[in-house]
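Data block below; observations after.
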Amino acid sequence: MSRGYFITFEGLDGSGKTTQLRLLAASLTSAGHHVVSLRQPGGTALGDRIRAILLDSRSEASLGPIAAATEMALMFADRAQAIAEIIEPALAAGSIVLCDRYTDSSEAYQGGGRQLGSERILAMHAAACGNLQPDLTLLLLPSLEASLRRARRRNQRHANHHGTDENRFERESDDFYRRIYEKYEEIATRDPRRVFPVRDESSIEQIHTRILEVVAAHLPSMASDVTRDR
Ligand code: TYD
């Protein structure tokens with residue numbers, strides 16, 4: 001059996017990547033492919049517990065401030081488990097794996113946002129993930145201004161719904177998001193063969209079509225079934 005294909009989605013909070021991942025999963029599935037989707041942090045039973053600690057803004061009220069290096073290590077503990085439990089077995093079985101965030105998020109958020117630097121993240125990636133790289137990364141990166149607007153809007157919606165914003169990350173400052181944005185730009189420049197940035201701010205459907213074209217171009221065997229009828 002030939003090895004599967006590993007695709008990750010990246011971008012700032014509110015970039016629309018989760019919606020695009022679902023649309024791509026549906027298109028690939030209806031074209032007859034076996035698709036395994038997951039998100040990080042989370043996806044495994046252990047990972048869901050780590051996610052609760054990392055994302056809940058109440059964590060720091062009960063646990064005290066979470067150090068940046070702890071945050072990094074927990075992200076990688078989650079990732080190592082997801083690789084062992086879900087990603088590697090699915091790739092070995094020939095599936096297409098779609099992952100909502102992966103190591104680029106750690107490099108952008110912990111390396112850039114929390115200013116730990118890329119080197120520590122990449123060393124951690126080698127140690128915890130055996131350097132497993134996605135075959136293709138779809139980086140949803142509209143302009144910084146649009147990204148900040150969307151992140152704030154989403155945060156506000158969440159606060160209206162739940163009374164508080166529960167995501168620790170969404171309470172961060174514009175400077176934090178600016179550093180993340182710049183780190184994503186740096187990653188895209190460093191690794192143009194793997195990372196495909198989608199910078200436009202067109203409709204969900206137009207971006208989906210663009211993503212299908214990119215995936216079809218990377219997977220020539222899929223070109224006919226994935227883009228057929230469109
Ligand atoms: P989530 O609610 O899943 O947000 P999104 O839909 O934007 O992905 O929260 C994930 C948060 O965790 C997000 O703010 C980014 C952050 N994160 C890191 O800081 N480092 C990481 O390695 C990962 C995977 C996520």
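Start at 1 and go down the list; that is how both ligands and their atoms are numbered.
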Within-cut-off N or O pair, [X] and ligand 1, under 3.5 Å:
X	result
Ser106	yes
Arg79	yes
Asp100	no
Gln110	yes

Closest to atom 3 (O) of ligand 1 among Glu10, Arg51, Arg39 (heavy-atom distance): Arg51

Close-contact set for ligand 1 against Gln40 heavy atoms, below 4.0 Å: 24 (C)

Numbering as shown, the atoms of ligand 1 that approach Asp13 to under 4.0 Å (heavy-atom distance): 7 (O), 13 (C), 14 (O)

Heavy-atom side-chain contact between Tyr184 and Ser147 under 4.5 Å: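 In short, these two side chains do not touch, never coming nearer than 4.5 Å.
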
Closest approach of Gln40 to Ala82 (non-hydrogen atoms, all atoms of both residues):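 Closest approach of Gln40 to Ala82, heavy atoms only: NE2-CB, 3.7 Å.
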
Cationic tip of Arg79 above Tyr102 ring, under 6.0 Å, 45° of axis: yes

Full working for side chain to side chain donor-acceptor pair (under 3.5 Å) between Ser27 and His208: CA-CA 10 Å; Ser27 296; His208 173 54; 3.1 Å; yes

Pairwise distance OG(Ser143) to OH(Tyr181) - rounded to 0.5 angstrom: 6.0 Å

